[in-house]
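Just below is one structure, and these are the notes that go with it.
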Amino acid sequence: MSKNEEKNIQDIINHLKVSGFVYQNSEIYGGLINTWDYGPLSTNMMTAIKKYWVREFISREGNYQIDSKIIMNPKIWKASGHIDNFADYLIENKVNQKRYRADHIVKDLFPEINVEKATFEELENIIKEKVKQYDNEKCEWTSIRPFNLMFKTQMGAIDSTAAQTYLRPETAQGIFVNFKNVSRTTRAKLPFGIGQIGKSFRNEITPRDFIFRTREFEQMELEFFCEPEDSEKFYYYWIDKCKKFVELLGLKNSNIRIRPHEKEELSHYSLGTSDIEYLFPFGWGELLGIANRGNYDLSQHMKYSQESLEYLKDDGSKIIPFVIEPSIGLDRLLLALLIDAYEVEKLEKDDERIVLKTDYNISPYQLAVFPLVKKLEEPAKNIYDKLLKTTDIRVIYDKTGSIGKRYRRQDAIGTPFAITVDFQTLEDQTVTIRNRDTMEQERISVDEVEKYLEKFVK
Ligand code: GAP
């Protein structure tokens, strides 16, 4: 097993593009910078990951899931603080008119400086005094200015600022503004959570590192409402739950760490935040975050909407609940899972194979069915059809090329098992089943395939 520091991110990206996990967005028109589409393989994986999130964060916890809109009343973003605070520090090189995130430049060139703690004046001084060349170009810097990350759009046919709205930069606010609706219609008692999965948009100054930081991405967020005095307990509960969740999906423990935020780097709403970081080949990076948002959001929405969002306790007293928020970026999690799974293995006779050792439960396909030779296509296809129609196994049929080539193709896209239909199958209804990781084969009855694979279901 190779270590992540030794993995080459460019090799992994090339592999993901060539094998159909990720496509260049708008490719036939020359693409759209730093924007990617997901092919069937990634989409299968993401569907499986979302299913596990719903199970672990919603159903098994007795929480509620909703689906609010991407475009909402713009007053929401004033109340949430996004209009005033949701900005990165933008600096421009006057020589080539390129724009950069000031903290990224300092992080790249002076890794010993803790950019999270640096003020905007400090960043500006460091860059103006010390950075004479960047991105292979001479530099003359403008001053730093805050750049709001929300995408603006217009609602309806009126082209005026009155019609200006935003694409949501997080799914969380759709939950806060529905808090009253959900608690009234479900009659839920504290503590309880409301979660949702959906797209979020941020006009990042420098999207980078492939699908790690993009302008459109998907979030899986839970807002867990509780009594203020219980918030510390639930903060640690959800940190632990998130760690177990990414391990359940197959991330190696040695590539994960929990990093509590220092006071200076807390978001405007947060009383405490911890990130779960992943060791990407380009260094440790935030995979997901857990924040204690206190009662900031509900209080702000009460103030701006003039509606009460208080919770009535059984003893007749009213409180504004505190909120613990585990927030997971699906695209980033997918990238981490693919990097974790990627191996280039040396085989006999100077041969090697690329293999994605994805967990069975989130693999794009879980089983491949091959006919050994052309003559056996019909019985193999019949077995494939039956598995498709009568089981939940994600199964793929492949008849092209030698068996060796077909194994390699499935290894490269992470299919953990492959069954081959041969002449013996016609006599005794058995097939060989080959394990992607060990490459070992055994013979089992066709009727036992589903039961055989059940052992791997988590
Ligand atoms: N509601 C809280 C919130 O949105 P965040 O730390 O800004 O917190 C949560 O985002 C998660 O969303 C991150 O940990 C990351 O996984 C993902 N995320 C944020 N910005 C992203 C981007 N530009 N591209 C991909 N994923 C992103």
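What you see is a predicted model; the values in this text were computed from it and never measured. All ligand and atom numbering here is 1-based and tracks the order in the structure.
For ligand 1 and Leu288, the ligand atoms under 4.0 Å from any heavy atom of the residue are 14 (O). Contact atoms of ligand 1 toward Phe212: 24 (N), 25 (C), 26 (N) (distance under 4.0 Å to a heavy atom of the residue). Each of the atoms 6 (O), 13 (C), 14 (O) of ligand 1 lies under 4.0 Å from some heavy atom of Glu286. Residue-ligand proximity, Glu325 to ligand 1, at heavy-atom distances under 4.0 Å covers atoms 1 (N), 2 (C). Within the listing of ligand 1, atoms 1 (N), 2 (C), 3 (C), 4 (O) sit less than 4.0 angstrom from a heavy atom of Glu221. Listed by atom number, the atoms of ligand 1 under 4.0 Å from Arg293 heavy atoms are 1 (N), 2 (C).
For atom 9 (C) of ligand 1, the closest non-hydrogen atom on the protein side is Ser327 OG, 3.0 Å. With hydrogens left out, the protein atom closest to atom 15 (C) of ligand 1 is Arg332 NH1, 3.6 Å, a heavy atom. Residue, atom and distance of the protein heavy atom nearest to atom 18 (N) of ligand 1 are Phe217 CE1, 3.5 Å. For atom 16 (O) of ligand 1, the closest non-hydrogen atom on the protein side is Leu287 O, 2.8 Å. Considering only non-hydrogen protein atoms, atom 17 (C) of ligand 1 sits nearest to Gly329 CA, 3.6 Å. Looking at atom 7 (O) of ligand 1, its nearest protein heavy atom turns out to be Arg202 NH1, 2.8 Å.
There is no side-chain donor-acceptor pair under 3.5 Å between Ser80 and Gln173. The closest side-chain donor-acceptor pair between Asn253 and Glu247 falls under 3.5 angstrom. Side-chain contact, Asn435 with Asp437: no donor N or O sits under 3.5 Å from an acceptor N or O.
In this structure, Arg101 fails the cation-pi test against Tyr89, since its NZ or CZ atom is not both closer than 6.0 Å to the six-membered ring centre and inside 45 degrees of the ring normal. Within the cation-pi definition used here (under 6.0 Å to the ring centroid, within 45° of the axis), Arg257 qualifies as a partner of Trp284. Taking the ring centre of Tyr269 as origin, the terminal cationic atom of Arg293 falls inside the region bounded by 6.0 Å and 45° from the ring axis.
In this structure, Trp238 has its ring center closer than 6.0 angstrom to the ring center of Phe57. Taking the six-membered ring where the residue is Trp, the centroids of Tyr23 and Trp36 are separated by 6.0 Å or more. Residues Phe212 and Phe280 place their aromatic rings such that the two centres sit under 6.0 Å apart. Separation of the Phe192 and Phe224 ring centroids does not fall under the 6.0 Å cut-off. In this structure, the ring of Phe245 has its center no less than 6.0 angstrom from the ring center of Tyr52. For Tyr296 and His268, the gap between ring centers is short of 6.0 Å.
For atom 10 (O) of ligand 1, the candidate residues are Arg213, Gln219, Glu223; the nearest heavy-atom contact is made by Gln219.
Considering backbone and side-chain atoms alike, Glu204 places an N or O below 3.5 Å from some N or O of ligand 1.
With a 4.0 Å cut-off on non-hydrogen atoms, Glu170 touches ligand 1 through its side chain and not its backbone. For Arg215, no heavy-atom contact with ligand 1 is shorter than 4.0 Å. Neither the backbone nor the side chain of Arg168 has a heavy atom within less than 4.0 Å of ligand 1. The proximity of Thr214 to ligand 1, defined as any non-hydrogen pair under 4.0 Å, involves the side chain as well as the backbone. Neither the backbone nor the side chain of Thr171 has any atom closer than 4.0 Å to an atom of ligand 1 (non-hydrogen atoms only).
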- Task: Evaluate the criterion ring-ring contact (aromatic ring centres under 6.0 Å, His included) for residue pair Tyr100 and Tyr134; output intermediate values, then yes/no.
- Result: CA-CA 10 Å; Tyr100 302 93; Tyr134 188 68; 5.2 Å; yes
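Remark: distances from the non-hydrogen atoms of Asp331 to ligand 1 are all 4.0 Å or more. Not a single heavy atom of Gln173 sits closer than 4.0 Å to an atom of ligand 1. For Tyr269, the closest heavy-atom approach to ligand 1 falls below 4.0 Å.
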